[in-house]
2 protein chains.
Amino acid sequence: MTEPRRRRAASAEKVARLLDVTEEIILREGFAAVSSRSVAARAGMNAPLVHYYFPTLDDLFVAVVRRRADQMVERMAAALASAEPLRAWWDLVSDPPGTALFVEFGAAANHRPALRAEVSRVARELRQMQIGKLASILGEYGVDPDEFSPTLVAAAIQGLAVVVVADRAAGYDTAPEEVAATMTRLVTRLAAGRAPRPSG
Amino acid sequence: MTEPRRRRAASAEKVARLLDVTEEIILREGFAAVSSRSVAARAGMNAPLVHYYFPTLDDLFVAVVRRRADQMVERMAAALASAEPLRAWWDLVSDPPGTALFVEFGAAANHRPALRAEVSRVARELRQMQIGKLASILGEYGVDPDEFSPTLVAAAIQGLAVVVVADRAAGYDTAPEEVAATMTRLVTRLAAGRAPRPSG
DNA sequence: GCAGAGTTTTAACGGCTGTTCTAACTTTAT
DNA sequence: ATAAAGTTAGAACAGCCGTTAAAACTCTGC
């Protein structure tokens, strides 16, 4: 039972650090600025060492996506299970850097099969969680599910978050703060008008 | 008045071809696949010739964005002036490659000042056109502008288009076709229930 | 014909890339 | 102490990058 513990622990720390600095570089300088050398430099290592832990840069990217995805799925589950699901959901996605990273990865994944598979997986999982929840609460919120279907609402909220985060990050000056504030108000109002169970 | 016409015309054609192939490469292989050599090869030229017309790659990118932006502004104006503004607007943005290119450029522009300025300009202009139109028609459509403000609706439609186009392009399998169809139905229903002028 | 402007090509520069090989080093197990 | 396993560092590979300089070609105006 005396397996190598210290080594494994040290390695795990380094792997985590590599994932951290990769996210940092992507957010601050963009996807194109990520290289085995740039990551290594910021992590205080050498390029070959990066390839020791992640043989290919794609492996590194996939690991970053996977870690973020797991975290995001967990948080989304908690949000949807909270007292105000819609509001918690919006707070979660309208706040960087999660969505900002998702935007960067979404664009980059378009032409990288390995990345696309990972991003696709988390996108589908999150969407299904959201649609499932919406199906059971839209009625309570007094929203006509025939006019605004769960599928449409889920996509709209995700899209709204992407636009707000992207505009805010790039400074497009399309009033992202106003959009976010209005959305928060709308979501709050919906929650306030919630009927515990429609009498029938 | 006998200015050099043939030469200028030939140059203009080449410039247009460079913009075309640049868009092609971005859509098919991604932003990272664009280089003076790859563009030149697909256009049947040499790398230095690309730099003859566009001294810097950023100049090329800016030209591509500018051309698309002008085209998009023109089409959006026509859509918003049509009989069914909301529907025409949705049809315009939910259809690639315009929005797909916007997504790619949006991500790339995040860390390229020259590009960001151009993208910002068109994003703001389009958004203001949309908000202006929404302010005058949301009431006619029976939408409460206090609950769904023009700013929010405009951002939501743009976000929805981005999500649908991105998901469709990458094959995320988050039912983009269903979302698009539902949105089209919603928009059509809104137009059908339009009141020429609210009595009172 | 010639001059000159406009256009195109060849060659090359330094720099950064992903990745691999190899050797050195460090820790663990015995 | 030693063998083995795990980890790190140095050097180098071919390849592509943006860009430039300079020479060659082509066309226009005279």
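Letters A, B, ... are given to chains in the order of the sequence lines, protein chains preceding strands, and every chain is numbered from 1.
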**OP:** Look at the side-chain N and O atoms of T56(A) and state whether any lies under 4.0 Å from the OP1 or OP2 oxygen of dG18(C).
**Re:**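 So the side-chain polar atoms of T56(A) never come under 4.0 Å of the phosphate oxygens OP1 or OP2 of dG18(C).
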
Subject >> Phosphate contact (dT19(D) OP1 or OP2) by S36(B) side-chain N/O below 4.0 Å >> reply: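 S36(B) to dT19(D) OP1/OP2: no side-chain N or O under 4.0 Å.
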
For a quick check of understanding: with a heavy-atom distance under 4.0 Å over all strands, which category does [X] fall into, base, sugar-phosphate or nothing?
X: V34(A); answer: sugar-phosphate
X: Y53(B); answer: sugar-phosphate
X: S35(A); answer: sugar-phosphate

**OP:** Counting heavy atoms from C-beta on, name the nucleotide in dT20(C), dT19(C), dT7(C) closest to the side chain of P48(A).
**Re:**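 Side chain of P48(A) sits closest to dT20(C).
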
**OP:** Flag the pair R68(A) and E23(A) as a salt bridge only when some basic side-chain nitrogen lies within less than 4.0 angstrom of an acidic carboxylate oxygen.
**Re:**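 Here R68(A) pairs with E23(A) in a salt bridge, since their nearest N and O are under 4.0 Å apart.
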
In this structure, how many angstroms lie between the [atom2] atom of [N] and the [atom1] atom of [X], rounded?
X: F61(B); N: dC17(D); atom1: CZ; atom2: C1'; value: 12 Å
X: Y52(B); N: dT7(C); atom1: OH; atom2: P; value: 4 Å
X: L57(A); N: dC16(D); atom1: CG; atom2: P; value: 17 Å
X: L49(B); N: dT20(D); atom1: CG; atom2: P; value: 15 Å
X: H51(B); N: dC17(D); atom1: NE2; atom2: P; value: 10 Å
X: L18(A); N: dT7(D); atom1: CG; atom2: C1'; value: 13 Å
X: M45(A); N: dC25(C); atom1: CE; atom2: C1'; value: 17 Å

**OP:** Give a yes-or-no answer on whether the side chains of R87(A) and T188(A) include a donor-acceptor pair shorter than 3.5 Å.
**Re:**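 Yes, because at least one side-chain N or O of R87(A) sits under 3.5 Å from a partner of the opposite role on T188(A).
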
Original post:
Which residue, Q130(A), K133(A), E84(A), M129(A), forms the side-chain contact (heavy atoms from CB on, under 4.5 Å) with W89(A)?
Top reply: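 Option passing the side-chain contact (heavy atoms from CB on, under 4.5 Å) with W89(A): Q130(A).
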
Subject >> CA sep, side-chain torsions, deciding dist, call: R67(B), D20(B), salt bridge (Lys or Arg N to Asp or Glu O under 4.0 Å) >> reply: CA-CA 10 Å; R67(B) 189 179 66 165; D20(B) 289 342; 2.8 Å; yes

Original post:
Using the benzene-type ring in the case of Trp, are the ring centres of F31(B) and F61(B) under 6.0 Å apart?
Top reply: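 Centroid separation for F31(B) and F61(B): below 6.0 Å.
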
**OP:** Return the 5'-most residue of the pair R37(A), N46(B) with respect to DNA chain C, ranking by each residue's nearest nucleotide.
**Re:**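 Whichever sits nearer the 5' end wins; that is N46(B).
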
